[in-house]
Amino acid sequence: MARKQQRTIGPKFIMFCASVFIFVIAVVILIFAVGLRDSIPKKSGSGCGKTQDALSFATEIDTNPAETGEKPQSQATEAPTEASVIPDPPALPDDASYNISPAEDAKPANFGFTYEIRKNNRDDSYSSNPNENAFSFGRGQDYTEVKGITTFAGNNYRNGFSYGTARVTMQTLEQVWSFAIGSANGFAGASWTGQPLIVTWEGQTLKTLGVRDEFKAKDTLTEVILCGSDGNIYFYELESGNRTREPLLLNAPMFGTPTLDPRGIPMLYIGQGTVSEKNSNKSAAFAVNLCSNTYQTIVSGKDYTARRSDWSAFDSSPLIIEDTLIWPSENGVLYLVELNTSYDAESGTLSINPGDKVKYRYSGSGYTSVTQAGRRAYGFESSVSAFRNFLYLTDNGGYLQCVDLNTLKLQFVTDVGGDSDATPVLEENGNDGTVYVYTVSQTDQQDLSLQNGYGYCYVRKINALTGAVVWENRQFVQILDPITAKNMKGGSKSTPHIGHGTIGDLLICSFYGLTVQTTDEEGNVNYTYGGKIMAFDRKNGAVRWEITQTGGADYVSSPLVVYNARGDAYLIACDREGGMRLYDAARPGENALFALDLGERIDATPVAYNNYIVVATTGTTEQCRIFCLKLS
C-alpha cells in the first residue's frame with residue numbers, strides 16, 4: 001500500500017497569510033483614523049474658502065462650468081459630509097423695554113439730517129406724530145397668522161425667504177410646472193425684487209376668495225401670487241400649477257414684492273415700479289381685494305410734500321401692524337396709513353377705507369431733489385424692517401435711518417457706504433443683549449485710492465440700538481460698463497440671509513458687477529467683471545467661503561436658503577444668465593450639487609414652501625416664465 005504524502009506549510013504560504021493579515025489591519029486603522037478626523041470640530045473659518053481680514057480680498061473660487069460661458073447642466077455631484085448644527089443665539093427677553101442711544105458717529109446732526117412730519121395734504125409741520133400710537137412688533141416668526149410667505153423676506157425682521165422645512169435625499173431640483181408671463185411696454189416677467197408670495201388659505205376664508213369654484217370646494221388651497229412687470233397679477237395652485245383665477249390687470253408695471261395682510265385678511269398691497277405713461281412721474285400704491293378681485297389706489301407717489309421730484313415709484317414691500325400700513329416710497333417719504341379694514345368671513349365682504357396718511361420726510365447734506373451724478377438721492381427702494389417700535393430704512397443716498405414708529409422721531413443715522421437698495425436684516429442676540437442690523441450697498445463712485453473705473457461696496461454689521469458699526473467688509477467693484485464704458489453701479493442689491501443650523505454663524509450675501517481678482521502665471525494681477533455669493537463670519541466679518549462667476553452670470557437675486565429638519569442648509573443661487581444652482585451652504589465646494597438652466601435672466605428672488613421653490617425670469621419678451629421646482 002502506498003503511503004500518503006505528508007502535507008507541510010511552506011514559507012511562501014506563511015508569507016501570503018502574513019501579508020493578508022497586515023493588509024486587513026491597515027484597512028481597519030485607516031477607517032478608524034478617517035472617522036476620528038471627521039469627528040474633530042473644525043476651527044472657525046475653516047472650510048472651502050480662506051478666512052481673510054475683513055478688508056481684504058477673498059481667494060477666488062471659480063464655479064463657472066466653463067470659460068466659454070456655457071449654461072449650467074442638469075447634473076448632480078456628490079454631496080459633502082455632514083456639518084455641525086450651530087445653535088441660534090438666544091432671543092431677547094419679552095418683558096424688556098428698549099431705547100435708542102445713538103453712538104457719537106451715528107447722531108443725525110453729523111450728516112446734516114433733519115426731519116419733519118406732515119398729515120394728509122396739509123402744510124402743517126410736526127416734530128412728532130400727530131396720531132401717536134403705541135405699536136410694538138413681535139419677533140419675525142410671529143409676524144403672520146397664516147401659513148406661508150406673506151411679504152418680502154417673510155416678516156418684519158426680513159430674515160427668511162422660505163417657509164417650513166424640506167426633506168432632501170437626492171439633492172436635485174426638478175421642474176414641476178412653468179408658464180409664460182406676458183410683456184408690456186418693454187417689460188416682461190418679474191423684475192427685481194419680484195419675489196412671489198405663497199400662502200395657504202383654509203376654512204371660511206377660502207370660501208370667500210375670488211378663486212374658481214373647484215378650489216373653493218377644497219379644504220385648503222396653497223396659492224402662488226406673482227406681480228408681473230407687465231402689469232398683471234398671476235395666481236397659481238402651488239403643487240399643480242393650475243390657475244386659481246384669471247390674471248388681474250392693474251395697468252401698472254410692478255417690480256417689487258407684494259404684501260398680504262398678515263392677519264389672514266385677503267387684502268394684497270403692491271406698488272408701481274415705474275411710470276405707466278411716458279413723460280409722467282405718476283406712480284401709485286394699490287390695495288387688491290382678493291375676494292372681489294378688484295383694486296384701489298392707496299397712495300399716489302406724485303406727492304408735493306416729497307423731497308424728490310423726479311421719481312415716485314413703490315418698489316418697497318410694506319409692513320402692516322394692527323390696522324396701519326407702513327410704506328416707504330422712492331419719492332423719499334415714509335407713509336403711515338390707517339386702513340380701516342372691514343372683513344366678514346361669513347358673508348365674504350371685505351373693504352378698506354383709508355383714513356389719515358401721516359408722512360415722514362427727511363433732508364440731509366449732499367442730497368438733491370433730482371437725480372444727479374455724484375450727489376445723494378432721496379428715496380427708499382428697499383423694504384422697511386422693524387424691531388419692536390423701531391423702523392430701519394436704507395435709502396438711495398447711502399444712509400441707514402432708525403425711526404421711532406410711534407412718534408416718527410429720527411433716532412440715528414449710519415453711513416452704509418453707498419446706495420442701498422437691499423433691505424436691512426435684523427438679528428436678536430440675547431448673549432450680547434442687543435439687536436443687530438446687516439446692510440449691503442452698491443456704488444457708481446470712483447474710489448480715489450483705486451485706478452480709474454473702480455470703487456468699493458460695503459457689507460456692514462450695525463448695532464441696531466446705537467447705530468455703531470460693529471464690523472465692515474468692502475468689496476472691489478467695477479463702475480464702468482465693460483462694453484459701453486459708461487458709468488454703472490456695482491455691489492449688492494440683494495438682501496442678505498442670516499444663517500441657521502449648519503450655517504448658524506454665517507451671513508450670506510450676493511453681489512453683481514463685482515471685480516473678480518485673478519493672477520496669471522507671471523504674477524500679474526488682472527480684474528474681470530463678475531459676481532459672487534459670499535459667506536461672512538457674523539462675529540467679525542471675515543470671509544468664510546465664496547462662489548465666483550465671471551461675465552454676466554452675476555447676482556441681483558437674493559440668496560435663498562432652505563433647511564431640512566436637522567438644520568442642514570441648502571443654498572439656491574439664481575444668476576443673470578438664467579442659471580439656478582443648488583449648493584451645500586455650509587461647504588459649497590467648487591461645484592454645485594445640482595444645476596439647471598432656466599433660459600432667461602433671473603433678477604427676482606425665489607421663494608420656498610417646504611420642498612417647492614418658485615421663481616420667475618425677466619427680460620423684454622414673452623419668453624419669460626414663472627417656474628415651480630421641487631427640491632428632492
Side-chain angles (χ1 to χ4, degrees), residues 86-108 134-144 151-160 262 319 321 326 328 334 380 382-395 399-417 420 422-441 458-473 495-500 503-509 536-541:
I86 301 167
D88 288 341
L92 294 167
D94 288 325
D95 56 355
S97 59
Y98 297 91
N99 298 304
I100 301 296
S101 180
E104 191 61 36
D105 56 0
K107 293 183 176 178
F135 295 141
S136 181
F137 278 92
R139 295 192 177 92
Q141 64 265 30
D142 302 323
Y143 173 71
T144 181
T151 188
F152 181 74
N155 55 59
N156 52 297
Y157 284 10
R158 307 292 186 178
N159 62 1
L319 290 175
I321 184 168
I326 305 166
L334 170 66
F380 305 105
S382 61
S383 297
V384 59
S385 304
F387 168 74
R388 303 289 174 93
N389 59 301
F390 299 113
L391 304 178
Y392 298 88
L393 307 103
T394 51
D395 79 339
Y399 289 113
L400 168 72
Q401 298 179 54
C402 174
V403 177
D404 188 307
L405 168 61
N406 296 321
T407 66
L408 288 183
K409 292 183 177 181
L410 179 61
Q411 302 296 301
F412 68 70
V413 175
T414 301
D415 189 343
V416 297
S420 188
T423 295
V425 184
L426 296 170
E427 177 192 26
E428 283 188 50
N429 192 313
N431 291 330
D432 297 344
T434 192
V435 184
Y436 296 111
V437 55
Y438 295 90
T439 65
V440 293
S441 70
Y458 292 85
V459 181
R460 286 187 170 141
K461 178 180 181 177
I462 299 165
N463 187 313
L465 300 182
T466 67
V469 176
V470 178
W471 55 255
E472 70 175 28
N473 185 297
T495 296
H497 176 75
I498 296 172
H500 306 282
I503 57 169
D505 56 349
L506 300 182
L507 180 76
I508 312 296
C509 301
F536 300 93
D537 189 307
R538 294 212 301 271
K539 287 185 178 179
N540 55 30

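Scope of the values below: all heavy atoms of this structure, side chains included, with no hydrogens, waters or symmetry mates.
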Inset, instruction - Would you confirm whether Thr439, through its side chain, and Pro424, through its main-chain N or O, come within 3.5 Å as a donor-acceptor pair? - result: no

Inset, instruction - Return yes if some donor-acceptor pair links the side-chain N/O of Glu427 with the main-chain N/O of Val425 below 3.5 Å, else return no. - result: no

Legend entry - Reference residue Gln401; test side-chain contact (heavy atoms from CB on, under 4.5 Å); the match among Thr394, Leu391, Leu410, Val384: Leu410

Inset, instruction - May I ask you to decide if Val459's main-chain N or O and Trp471's side chain share a donor-acceptor pair within less than 3.5 Å? - result: no

Inset, instruction - Decide yes or no for Lys461 and Tyr438: does some side-chain heavy atom of the first lie under 4.5 Å from some side-chain heavy atom of the second? - result: yes

Legend entry - Separation of Gln141 CD from Asn156 CG (nearest 0.5 Å): 9.0 Å

Inset, instruction - Please report the closest heavy-atom contact between Pro496 and Thr423, naming both atoms and the distance. - result: CD-O, 3.9 Å

Inset, instruction - With sequence neighbours excluded, tell me which residues meet side chain to side chain contact (heavy atoms under 4.5 Å, CB included) with Asp105. - result: Ala103

Legend entry - Closest heavy-atom pair and its distance - Thr414, Gly467: OG1-O, 2.7 Å

Legend entry - Minimum heavy-atom distance Asn463-Tyr436, with the two atoms named: CA-CD2, 4.0 Å

Legend entry - Closest approach of Cys509 to Val440 (non-hydrogen atoms, all atoms of both residues): SG-CG1, 4.0 Å

Legend entry - Distance in Å, Phe137 CZ paired with Tyr157 OH, rounded so as to fall on 0.5 Å steps: 10.5 Å

Inset, instruction - Taking the side chain as every heavy atom from C-beta outward, state whether Thr495 and Phe152 have any atom pair closer than 4.5 Å. - result: yes

Legend entry - Under 3.5 Å: donor-acceptor pair, side chain of Asn389, backbone of Asn406: no

Inset, instruction - For the residue pair Ile498 and Leu507, establish whether any side-chain heavy-atom pair is separated by less than 4.5 Å. - result: yes

Legend entry - Check: Lys539 main-chain N/O paired with Asp537 side-chain donor or acceptor under 3.5 Å: yes

Inset, instruction - Say whether, by atom type as modelled, one donor and one acceptor occur between the side chain of Asn155 and the main chain of Gly160 under 3.5 angstrom. - result: no

Legend entry - Rounded distance [0.5 Å steps], OG in Ser101 versus CD in Gln411: 10.5 Å

Legend entry - Inter-residue atom distance Leu400.CG - Tyr392.OH, 0.5 Å rounding: 8.0 Å

Inset, instruction - Taking all non-hydrogen atoms of both residues into account, name the closest pair between Leu334 and Phe380 and its distance. - result: N-CE1, 4.4 Å

Legend entry - Contacts of Asp94 that satisfy side-chain hydrogen bond (donor to acceptor under 3.5 Å, both in side chains) - sequence neighbours left out: Arg139

Legend entry - Side-chain heavy atoms of Arg158 within contact of Thr151, under 4.5 Å: yes

Legend entry - Heavy-atom donor-acceptor pair, Arg460 side chain to Asp415 backbone, under 3.5 Å: yes

Legend entry - Criterion side-chain contact (heavy atoms from CB on, under 4.5 Å) against Ser385, the qualifying member of Leu426, Leu319, Asn159: Leu426

Inset, instruction - Verify, without hydrogens or angle tests, whether Asn473 (side chain) and Gly541 (backbone) share a donor-acceptor contact under 3.5 angstrom. - result: yes

Legend entry - Within the 6.0 Å centroid threshold, strictly below: Phe387 and Tyr98: yes

Inset, instruction - Check whether any side-chain heavy atom of Ile503 lies under 4.5 Å from a side-chain heavy atom of His497, and answer yes or no. - result: yes

Inset, instruction - Taking ring pair (Phe, Tyr, Trp, His ring centres under 6.0 Å) as the test, write out the residues that go with Phe135, two or more places apart. - result: none

Inset, instruction - Please answer whether the main-chain N or O of Leu92 pairs with a side-chain N or O of Glu428 as donor and acceptor at a distance below 3.5 Å. - result: yes

Inset, instruction - Kindly indicate, with the supporting measurements, whether the criterion side chain to side chain contact (heavy atoms under 4.5 Å, CB included) is fulfilled by Leu506 and Phe536. - result: CA-CA 5 Å; Leu506 300 182; Phe536 300 93; over 6 Å; no

Inset, instruction - Evaluate the side-chain proximity of Val416 to Ile462: yes if any heavy-atom separation is below 4.5 Å, no if none is. - result: yes

Legend entry - Contact check, side chains of Asn431 and Pro90, non-hydrogen atoms, under 4.5 Å: yes

Legend entry - Heavy-atom pair with the smallest gap, counting every atom of Phe412 and Leu465: CE2-C, 4.4 Å

